[in-house]
Structures are given as structure tokens and as C-alpha cells.
There are 2 protein chains.
Amino acid sequence: MADKVTIATVARHARVSRQTVSNVLNAPHIVREETRQRVQEAIATLGYRANQAARQMRTGRSRLIAARIEPTRDGINGSVLDRFLHGLTETADAAGYRVMLYTATDDGQEIATYDDLLGAYELDGFVLTGTDHGDPRTAWLADRSVPFVTFGRPWDAPESHPWVDVDGAAGTAQATSRLLANGHRRIAFLGWPEGSGVGDDRRAGWRTTLTAAGLDPDGLHRETEDGVADGERSMRELLATPEPPTGVVCASDSLALGALQAVRAVAAETAVIGFDDTPVAAAVGLTSVSQPLAVAAARCVELLTGVLDGHPTDPQVLLQPALVLRHTA
Amino acid sequence: MADKVTIATVARHARVSRQTVSNVLNAPHIVREETRQRVQEAIATLGYRANQAARQMRTGRSRLIAARIEPTRDGINGSVLDRFLHGLTETADAAGYRVMLYTATDDGQEIATYDDLLGAYELDGFVLTGTDHGDPRTAWLADRSVPFVTFGRPWDAPESHPWVDVDGAAGTAQATSRLLANGHRRIAFLGWPEGSGVGDDRRAGWRTTLTAAGLDPDGLHRETEDGVADGERSMRELLATPEPPTGVVCASDSLALGALQAVRAVAAETAVIGFDDTPVAAAVGLTSVSQPLAVAAARCVELLTGVLDGHPTDPQVLLQPALVLRHTA
DNA sequence: TTGTAGGCGTTATCAT
DNA sequence: ATGATAACGCCTACAA
């Protein structure tokens, strides 16, 4: 490794004081143009980079944000997080921040990790994913006034902290409308047990759309855990009813894939729409609701850096999903 | 936020000097047991955490390693990286390191990022994925003696740097053997154009196994880009030959999924085996070769921290994949 | 507009 | 075995 280039090296090279170099970096407007040029040149030729550790010691800011990486549970929906993280890293980078990863198996452990991360690395902020009712993590962070954003609404208290989310109800409403437009009248919904914010939201979009069309949603929905097998089982049940649905909207691509298998097993023609537009959906030709993940990630970074850099933006962002049409509906 | 707890706070609380606290942390053996206990207690009650920035300034080490997150290209194979990153984060954590993310669109840009990261954050090391023949990135890092490990062999010079890889040839050999054991004699291979280390390796496993069984592999393989549509097209070609294969081994789950669709389209019974055991494979019941990604990640961290902490281990690790049997073979 | 002095929290060196 | 002192690179007063 070459000799370390510090602010002093640059100062010597540009024949100015260290302070002037620092000013060029942090307050360019107070430096005379000619001097600024000379310093910039020196910086470029020497390949100087401000040492973050030293800067952090002085300013207390690390320009680091943390995000959790989860153990691809079901696998199919895991790719959502993957794409979100990628977007996060790109946008953070552009804003001069870096993303640090951590894992946690439960909320308690995750909070302990916050403590660690904050103490050791003085992280500037957190991006949380998968929040739910009464999330202890947000309370902990808020108590200590640690800046954070969640990707996902706080279902209890919508205005309690900055968040970015995708309008799931609008997504399932779009899906349901699509089926209605195609002439379907008996449209079912496959989702998760009542009580999860995300799941209830997605079901609501389907329900209100059906109701608005003068149709009765009763008996046309099934609730299970998220999984291909669960989706298949539920769909079989629906297909076995006296008046089986001719179309089904699902809360996830996993459920949709299961539904699709059930449909094909009995050689039915039932239309199927999934949620998340995962690679699996693309691969099997499944019509699915797509979340704008890159945009969501970018908004998260904007919100966070806005707070950090003192130019806060509108703290709640609800993005609209889009229906990606393929072969199944 | 509560008052910052520094080494001085702990020292005062335990009625020792700052240096003694530091010694308890970094060289416990030279501190008298009784003193050590008292200091440990103070650390615990105060919730003290060594400030990494300050430590880094002094030692020049950040306890940070970097890994790239890629834009889920095909999507199906993207989950491989996802699972690898998760493993990386977990193992690094256990070893006292943190993972920092970066993105890059090409090798040149990635190298520029190394420069940034090294200059600004003094990263301790890198974990590279997806290396190929004559990779400029490894050369750059080696030139500057930056510690790094690759997940993937340097196909040119196997001993040039530490790496961890999965034996792809062994994987396709297993797959081929499985088909042979099931009585298949015409076993095809769907892979990528010659020239990629990984692709050639996987094809070699199939070829040698067939040859060893006294069978002729000629004309039974197709090379395309990686994608579901490509796999389907190639498989259609093979199925249209006078003596179509009764089984096919694929270099990826994407190709295998395409192959499966081609097979089903003509209502053939051809056995299909994929590679990577992605969630898609699990979802559609595709038999696939599974890479031990968590283990690979753990080995990468071991290799890297071994070098960093001065107890280097065997620098080349080749792991064995396993065949996951499902419905398609 | 530019230069000087001090300190952020830690650890290495040296002295006790 | 323990303590004092200096230094890592930077930034923020303040002085010139």
C-alpha cells in the first residue's frame, strides 16, 4: 500500500494550510476560487480521501446506515428484500452513505444489535423492514432518538415516524379490477390470517373492489401461512366448493404459485394473480402485482439523509404498485 | 441519547487508569485477575462499547469487510448471492467483523470503489464473488496487498490467492450419475458458451461421467445465455432430434426451468435436473444441485479473518455440492 | 482568506 | 501490574 495521504499531504502539495484543505472540503464557498482549484487538483493527483474514522471522531457522524438481511425464509419472497437492499446501497452511495448489514433472529436480539452498532460504530441511522403492530424496535429507537425509517407502515400510529410503503390495497384492487374487467364474477382471495397489517391491507383491497362492484366476497377467501403448499391446499378447497371461483387474487407469489398448481392439477381455467412480481412469477408466467422496490429504497434513503443532513422531507411516503400482466390473468 | 461512555468513564468507575481498561480489553492476561473483574463489571454496568472509530485511528484496522450486492440479474440465480450474503453477515459478526455493502456495474467501477472504500473507511478486506478468467479486480487488490478472498476459483492460477468454491463438476457428475442409475442412456446437458470457468466446469462433470459410462456425449449438449427462454429453446431443439434425450442436466435452475417447460409442452417424460437449488426449484419440484452457501460464506470469513488476525488457514477450499431430489428426476 | 491550537477515544511506548 | 504521555487524522474555534 502506498503512503497514506492525509490532509497534511494535500496541504503541502497545494502549498496551503491544512485548514484551507478542510475548508475546500467542508465549506468551499469561503475559499478563494484560485486556491480552491489548486487544492482540488492536489486532491485529485494524490488520490486523497478524507478518513472517515477521524472525521467521525470529530463530528460524531459515521455516514453509515444499517439494514438487516434476513434468512430468505420462504425463498420466493426473499428476493424482495434482495432487490430492496440493492436499491438501498445504490442510493445511499450516491448520497455519501454506506450500508452496513446485520442479522437478527428476533426483536430482542435485534435491539441488542442496535445497541452494539450504535455504541461501536456510531451508526447514523437504521432502515427497518417488515414492521408490524406495536413493533418494539421502533419504540426503542425512538426512545433514544436514533434516526430511522421503516419500509412498511406502522399500522398503529401512521404518523409516529418516517416510513415508506407500497399501497398493498391498491395492488390487490388493481388485480381484482383486472379480473372483473375480464368478465370474472366469482373472484377469490388467498391471504394470511387476520392481524398482520400487510395481509389485512391486501385483503381489504380485494374486498372493497368486489363490494363496490356489487359482489359478495363472503366465503370466497382463505387464510393460511405463506407457502406454496399452503396456497395449493387452500385453492383446492375453493375449487371443491359448489360454485368455485373463476379467478383468484393472492397475497404473495408463493400462495399464487400453489394456487396455480391446484388449478392445473384439476385442469381448471381459473385466473391467478400473485403479489410481489418475484422471479418465480416471471419464470412461470404468473401475472403479479409489482412493488417499486428501487424507488422505495431511494425514498428511504432520502428520508433518512434528509433528517441527518438537516433538510427533512415529507416523512410518509405511500407508493403505488403496478400490475404486471403475464399469462395467468 | 445517554452520555457517551468512554474508556475514561469505565476507568473512573473501576478506579483504575484508562490504560488498564484498555489492557483488560486487548491483553487481559497482563492484568491482575481481581482488577480485571472489577473492570469487567464496570464495563457491564455502564454498557461500555469500544469506539471503533477511535480504535481504528490508532490501529489502522476497521473490522469491516466489504461485499458486493448485485442487481438480481436473472432473478432466479440472484437468491444464491442473497443466501451467501446472509451467511457472510452472520459469520463475520461472530468473528467481530461487520459487512459493508457496495455495488458496481463493471470491473473498472468496482476497482474505483475499492479505492474509495479503502481510502475512506480503511476496510480490512474484501469478499469477491463471481470471479472469472483474468479478473482485473484480484490483480488490483493483490498489487496493493489488500486482503481478500473470492467465492469462486481463479481459473487461471489456482494458487494465486485464497478462495472458496463449490465443486461444480462434482455436482453435475452426481446429477448425471443419478440419471444413469435410473436407467437413462441419452443424457443431455444445457449450459453456457465455452469460456466461463464455472460453465466449463459444470459441463465437464457431465461429460466425464457419461464418457466413463461408455456413452458418447457428442451432440447432446447446447450452449446459450442463462435464462428461462434460452433453456426452453435449447431443449426444444434437443427434443426435436431423431433420438431425443430422456434426461437433461442443466447448468442453472433458469435453464432447467426452461427445459421443464419445453418438456411439458410436448408432454414428454424427460427427466430434468437443475443447478443451485433456488427457491424456484423448490417451488416447482425441480431436482437440483445444491451449493452449501452458508458453509461457503463461513469459510470465506475464516480465510479472511485468519489472514487479518494472523492465524492463516489452508487458503483454498473446495466444497462438495449435494443433489436435492424432487419430482423431476 | 488563511493559519494555529486543541481535542475527539483509543492504544503503544515507556516509566513507575 | 499499573499509570502517564503521545499520536492517529480530522474539524472547529479563534487569531492573524
Side-chain angles (χ1 to χ4, degrees), chain A residues 1-40 42-43 46-64 96 118-124 309, chain B residues 1-40 42-43 46-64 96 118-124 309:
Chain A
M1 238 182 297
D3 272 350
K4 200 164 288 185
V5 179
T6 78
I7 219 171
T9 325
V10 177
R12 224 175 302 128
H13 194 273
R15 301 186 313 282
V16 296
S17 73
R18 289 178 308 170
Q19 180 52 30
T20 301
V21 179
S22 176
N23 284 338
V24 169
L25 261 37
N26 303 299
H29 53 280
I30 70 165
V31 181
R32 200 201 315 157
E33 179 60 17
E34 182 200 310
T35 317
R36 204 186 57 72
Q37 293 264 340
R38 207 167 66 237
V39 173
Q40 287 289 13
I43 288 178
L46 294 170
Y48 166 78
R49 255 133 192 126
N51 180 308
Q52 281 299 330
R55 172 175 285 180
Q56 177 183 343
M57 278 243 287
R58 198 68 186 77
T59 63
R61 303 256 323 260
S62 61
R63 303 201 76 82
L64 245 34
L118 252 16
Y121 289 94
E122 302 184 72
L123 286 170
D124 286 347
D309 300 339
Chain B
M1 240 182 296
D3 272 350
K4 201 164 289 183
V5 179
T6 78
I7 219 171
T9 325
V10 177
R12 223 174 303 128
H13 195 273
R15 301 186 313 280
V16 295
S17 72
R18 289 178 307 171
Q19 183 51 32
T20 300
V21 178
S22 175
N23 284 337
V24 169
L25 262 37
N26 304 297
H29 53 280
I30 70 165
V31 181
R32 201 202 317 158
E33 179 60 16
E34 182 200 309
T35 317
R36 204 185 57 71
Q37 292 264 339
R38 206 167 67 237
V39 173
Q40 287 290 15
I43 289 178
L46 294 170
Y48 166 78
R49 257 140 189 118
N51 180 311
Q52 280 299 329
R55 171 174 285 178
Q56 178 182 341
M57 276 243 288
R58 197 65 185 90
T59 62
R61 303 256 323 261
S62 61
R63 302 200 77 83
L64 245 33
L118 253 15
Y121 290 94
E122 302 182 74
L123 286 167
D124 286 347
D309 301 338

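Because only heavy atoms are used, hydrogens play no part in the values below, and waters and symmetry mates are left out as well, while side chains stay in. Protein chains get the first letters and strands the later ones, always in sequence-line order, with residue 1 at the start of each. Computed from a predicted model, the values in this text were never measured in an experiment.
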When rounded to the nearest 0.5 Å, the distance separating CG of B:D309 from CZ of B:R63 is 5.5 Å
Between B:T59 and C:dT11, is there a contact of a side-chain N or O with OP1 or OP2 at under 4.0 Å? no
From D:dG9, C:dT10, D:dT2, nucleotide with atom closest to B:N51 side chain: C:dT10
Compare the minimum distances between each of C:dT2, D:dC10, D:dA13 and the side chain of A:Q19, then state the nucleotide with the smallest one. D:dA13
Using a cut-off of strictly less than 4.0 Å, decide whether B:T20 has a side-chain nitrogen or oxygen near OP1 or OP2 of D:dA1. no
Nearest-Å distance for atom pair CD1/P, residues A:I30 and D:dC14: 15 Å
Can you tell me the distance, in whole Å, between the CZ atom of B:R49 and the C1' atom of C:dT10? 17 Å
How close do B:S62 and B:Y121 get, counting heavy atoms only, and between which atoms? CB-O, 3.5 Å
Looking at D:dG9, I'd like to know if its phosphate oxygens (OP1 or OP2) sit under 4.0 Å from a side-chain N or O belonging to B:Y121. no
Quick one: A:R38 CZ to C:dT1 P, roughly how many Å, whole number? 14 Å
Starting at the 5' end of DNA chain D and moving along, which residue's nearest nucleotide shows up first, B:R32 or B:E122? B:R32
So with a 6.0 Å cut-off around CD of B:E33, is the heavy-atom count from everything else above 12? yes
Taking all heavy atoms of B:L46 and all of B:H13, pick out the closest pair and write down the distance. CD1-CB, 3.8 Å
Look at the side-chain N and O atoms of A:S17 and state whether any lies under 4.0 Å from the OP1 or OP2 oxygen of C:dG3. yes
From C:dT2, D:dG9, D:dT5, nucleotide with atom closest to B:R18 side chain: D:dT5
For the side chain of B:R55 and the base of C:dT10, is some donor closer than 3.5 Å to an acceptor across the two? no
What distance do A:R55 atom CZ and B:M57 atom CE have between them, rounded to the nearest 0.5 Å? 13.0 Å
Among C:dG3, D:dA1, D:dC10, the one nearest any side-chain atom of A:V16 is C:dG3
Once hydrogens and angles are ignored, does a donor-acceptor distance under 3.5 Å link the base of D:dC8 to the side chain of B:R58? no
Rounded to the Å, how far apart are A:L25 CG and D:dC11 P? 6 Å
Can you tell me the distance, in whole Å, between the CD1 atom of A:I7 and the P atom of C:dG7? 19 Å
In whole angstroms, how far is the P atom of D:dG9 from the OH atom of A:Y48? 10 Å
Do the side-chain N or O atoms of B:T35 get closer than 4.0 angstrom to the phosphate oxygens (OP1, OP2) of D:dT2? yes
Length of the line joining B:R63:CZ and C:dT10:C1', which is rounded to integer Å: 14 Å
Which part of the nucleic acid, if any, lies within reach of A:A53 when heavy atoms closer than 4.0 Å are counted: base, sugar-phosphate only, or nothing? nothing
Check the distance between C:dT11's C1' and A:M57's CE and give it to me in whole angstrom. 11 Å
For B:V21 versus B:I7, what's the shortest heavy-atom pair and its separation? CG1-CG1, 3.4 Å
